[in-house]
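Structure first, commentary second.
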Protein chains: 4
Amino acid sequence: MTEKTPAKEEGQYRSDNRRQELMAAAAHLFNQRGYDATSMRDIAREAGMLAGSMYYHFPSKDDLIIATYEEGRRLISNSVLVATEGVSDPWERLTLAAVAHMNTLFGGNNFSILLCADISRTSPTLRSRLIEIRDSYDNLFMDLIDDLPLPESVDKGLLRLSLLGSLNWSSSWYRPGGQSPAQIGEFFVRILKEKLV
Amino acid sequence: MTEKTPAKEEGQYRSDNRRQELMAAAAHLFNQRGYDATSMRDIAREAGMLAGSMYYHFPSKDDLIIATYEEGRRLISNSVLVATEGVSDPWERLTLAAVAHMNTLFGGNNFSILLCADISRTSPTLRSRLIEIRDSYDNLFMDLIDDLPLPESVDKGLLRLSLLGSLNWSSSWYRPGGQSPAQIGEFFVRILKEKLV
Amino acid sequence: MTEKTPAKEEGQYRSDNRRQELMAAAAHLFNQRGYDATSMRDIAREAGMLAGSMYYHFPSKDDLIIATYEEGRRLISNSVLVATEGVSDPWERLTLAAVAHMNTLFGGNNFSILLCADISRTSPTLRSRLIEIRDSYDNLFMDLIDDLPLPESVDKGLLRLSLLGSLNWSSSWYRPGGQSPAQIGEFFVRILKEKLV
Amino acid sequence: MTEKTPAKEEGQYRSDNRRQELMAAAAHLFNQRGYDATSMRDIAREAGMLAGSMYYHFPSKDDLIIATYEEGRRLISNSVLVATEGVSDPWERLTLAAVAHMNTLFGGNNFSILLCADISRTSPTLRSRLIEIRDSYDNLFMDLIDDLPLPESVDKGLLRLSLLGSLNWSSSWYRPGGQSPAQIGEFFVRILKEKLV
DNA sequence: CATGAATGAGTTTTCATTCAT
DNA sequence: GATGAATGAAAACTCATTCAT
């Protein structure tokens, strides 16, 4: 796992410290209130800094949004890849991926759940960048579903969208206390695999 | 059907004309740009009126948001009720409901799709009101799923959330041209009903 | 003279009152400190209003700049046209124009002298608009100089630029007390007309 | 000529290299965008340095402005002095001075043309310093015009202001391609000397 | 000599809302 | 019912400057 190492190989961190704190503060607030309702001042305050100081680290709010989103993608991609590594049964792979997806979403990192947020209403330039990032994650599921042994009559594209919808919509209703994220992920795959009727 | 009558029974409309135009303009813009990015001035302009004039019809922006949201719920609830009326087979009822749901979402009315929007990031007071409204719609699906003949091992609550997730997530990817909304709705129910593996 | 009438014929005034006060305040401060160093807050304060309120009358600072500049052009154009009206001797016409130019520049209206300011360092879009306006005034002098009976060896374009330079540069050194603006204007034309050596 | 020597006699340069690069970068940007619109960061970037580093060489932006302005005065003063050295006919001396003035303004050095910029709109302290510098240059023309054999009726002060206005105003309209700077300078003196009417 | 990081006051602009007419 | 005009708080962002290292 590389996400705890200095990550020099991605060349995207400068003097990691404050930048990471800023991103953590931003992700936290973006999740609580959304992009629009979170001001640069709010983020600065949460990171113990003045608003103007942030602009040394991120040239604009959009850049900060993109950075947190990309960090979210990096973390969840990693989780899914690690979880499915070395497993060959396609349904088991999909189950493990769904479980890793849910565990990452609700496992304490504030970044990945940003990928479930509504981005259809941000500025066109920002939106297209975020969509790119999200698509690069969705592709992992495309591959997992492609490997499934399914009757020809099943549209694999729609199947993927159905599963991702089930999984991501959880961000709008999940609260700790009931079933665990892992159980929920496992269930959403099981009802596709098993005969219900 | 009640949606064309003056709706006196809800006691909340004054001199319907301008009010309805305002709501239509608002719903249109809310869908395009989201709540935050839509200003009262934008809405007023689209309705051929000045910003100040709106406050005769709606005491605040939140009230306008709630009104459009509630109108969306009213329309989609109606569609689902009408579609399932008189049908008794539980799987068929669920399929018809999903189809009606999708047809209403993408069938030209700008209100219902607002129910798929991310409200987890609005002010707490507004949010709790919107959640109430959405829940009162989700209950329809609760009933439909309760009627399904399912093994005890299947958690009906999660099943409902899975289906609603699949259906509502479509608002983030659906574009006209591929499968029709009705086909998509039918498919999402079918993969629950049929054995895939 | 039309500049004191409601000016309906130019169609550019709304409810003249506050708009004119705003323009007067702006012109005053633009002259004292320049465009950049004058903030919208400064202008608002001088007009007895809050910064945000100005945006009802002018959509942006650039628009306000353009409006004051255009008002300056209107006033000085009028002065020159009125002064030369009915006079036919070309040198006398030029003298009267120079005198009117100087009298308008230093005669209490804060608008016209803006045309002497350095605009080579504003944003390209703003600059090109201001240049258009200034050129439309300079054309008056083009005509006056064209009518002069001069030897072929004299470049009329350069002659115009020389005179306008002499006149406009006065905005950087003129202080009341010495020669009057009218005397200065008359002198600058006389040294072109008379043999000095 | 002293401009190539280390200039110890002015006692104001430290380790000339970086200082000169900084001044060149500043002069370049001041001409393109003006003082206000040029930030210390812009200048630093153009000189390949970070903003903070400049403060070793110049204690403030105003000091940097003054230094470039003074350098512009030094260069153009030199040109005029060299051009008129050894010539005794007063009108020829004035002509040569005007030609040298124009050649220096548009001859590639970015400093001297700063003297033509609008300084009537900078902070009072800065302004008074810049005026001092400019006046010390204008005095050269005062002397040249004093030597002219003119009728008593001609106000020599105004004559100087007229000529300097014609010359300096060129900074607002001159573009390479038409008459050369030298031809323009010669023309502006000729129309004073010769009878036009 | 230079850098990285921060400061704090400032900028233009936007916006929900109010209210006299 | 609607308008014109204003309010005041907040937004994103900029910038000259400072200073420890």
Side-chain angles (χ1 to χ4, degrees), chain A residues 14-15 17-19 22 35-44 47-65, chain B residues 14-15 17-19 22 35-44 47-65, chain C residues 14-15 17-19 22 35-44 47-65, chain D residues 14-15 17-19 22 35-44 47-65:
Chain A
R14 272 189 263 185
S15 83
N17 266 23
R18 306 300 267 140
R19 195 184 151 96
L22 235 21
Y35 294 130
D36 281 333
T38 301
S39 76
M40 292 298 264
R41 258 204 242 312
D42 293 337
I43 299 168
M49 185 184 281
L50 291 185
S53 312
M54 267 189 302
Y55 287 81
Y56 178 79
H57 302 280
F58 295 94
S60 75
K61 189 181 185 181
D62 277 7
D63 282 284
L64 180 49
I65 291 175
Chain B
R14 276 189 253 188
S15 87
N17 259 23
R18 306 299 270 141
R19 195 183 150 95
L22 237 20
Y35 294 130
D36 283 327
T38 301
S39 76
M40 293 296 266
R41 258 175 189 66
D42 292 337
I43 299 168
M49 177 184 291
L50 290 187
S53 313
M54 270 190 298
Y55 285 79
Y56 176 81
H57 303 281
F58 295 93
S60 76
K61 189 181 183 182
D62 277 7
D63 283 283
L64 180 48
I65 291 176
Chain C
R14 272 188 263 185
S15 84
N17 266 23
R18 305 301 268 140
R19 195 184 150 95
L22 235 21
Y35 294 129
D36 281 332
T38 301
S39 77
M40 292 297 264
R41 258 201 243 313
D42 293 335
I43 299 168
M49 184 183 281
L50 290 184
S53 312
M54 269 188 301
Y55 286 80
Y56 179 79
H57 302 280
F58 294 93
S60 74
K61 189 181 184 180
D62 277 6
D63 282 283
L64 180 48
I65 291 176
Chain D
R14 276 188 254 187
S15 87
N17 258 24
R18 306 299 270 141
R19 196 184 150 95
L22 237 20
Y35 295 130
D36 283 329
T38 301
S39 76
M40 292 296 266
R41 258 176 190 64
D42 291 337
I43 300 168
M49 174 184 294
L50 290 188
S53 314
M54 270 189 298
Y55 285 79
Y56 176 81
H57 303 281
F58 295 94
S60 77
K61 189 181 183 181
D62 277 6
D63 283 284
L64 180 49
I65 291 176

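Between A:His57 and E:dG4 there is no side-chain polar atom (N or O) within less than 4.0 angstrom of OP1 or OP2.
For the pair C:Tyr56 OH and F:dA6 P, the computed distance is 8 Å after rounding to whole Å. In this structure, B:Leu64 atom CG and E:dA16 atom C1' are separated by 12 Å, rounded to whole Å. Straight-line distance from the CD1 atom of B:Ile43 to the C1' atom of E:dC15: 12 Å, rounded to whole Å. In this structure, CG of A:Asn17 is placed 9 Å from P of E:dA5, rounded to the nearest angstrom. Look at CG on A:Leu50: it is 14 Å from C1' on F:dC13, rounded to the nearest Å. Nucleotide F:dG1 holds its C1' atom 9 Å from the CZ atom of B:Arg18, rounded to whole Å. Atom-to-atom, CZ of C:Phe58 to C1' of F:dA6 comes out at 16 Å; the value is rounded to the nearest Å.
Residues forming a side-chain contact (heavy atoms from CB on, under 4.5 Å) with D:Asp63 (at least two apart in sequence, or on another chain): D:Pro59, D:Ser60. Listed by chain and number, the residues in a side-chain contact (heavy atoms from CB on, under 4.5 Å) with A:Thr38 are A:Leu29, A:Phe30, A:Arg33, A:Asp42, A:Ile43 (sequence neighbours excluded). By the side-chain contact (heavy atoms from CB on, under 4.5 Å) test, B:Asp36 is found to be paired with A:Asp36, residues two or more places apart in sequence or in another chain being considered.
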Inset, instruction - Represent DNA chain F in dot-bracket notation, 5' to 3'. Only Watson-Crick or G-U wobble pairs with both distances under 3.5 Å count; pseudoknot-style crossings use [ ] and interstrand partners use |. - result: .||||||||||||||||||||
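Rounding to the nearest 0.5 Å gives a distance of 11.0 Å between CZ of A:Arg18 and CE of A:Met54. Remark: A:His57 NE2 to A:Asn17 CG distance equals 9.5 Å, nearest 0.5 Å.
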Which pairs, protein N/O on one side and nucleotides 15-17 of chain F N/O on the other, fall under 3.5 Å?
unit_1: F:dA16; atom_1: OP1; unit_2: D:Lys61; atom_2: NZ; d: 2.9
unit_1: F:dA16; atom_1: OP2; unit_2: D:Met40; atom_2: N; d: 2.6
unit_1: F:dT17; atom_1: OP2; unit_2: D:Tyr55; atom_2: OH; d: 3.0
unit_1: F:dT17; atom_1: OP2; unit_2: D:Lys61; atom_2: N; d: 2.8

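B:Leu64 pairs in a side chain to side chain contact (heavy atoms under 4.5 Å, CB included) with only one of the listed residues (B:Tyr55, B:Phe58, B:Tyr35), which is B:Phe58.
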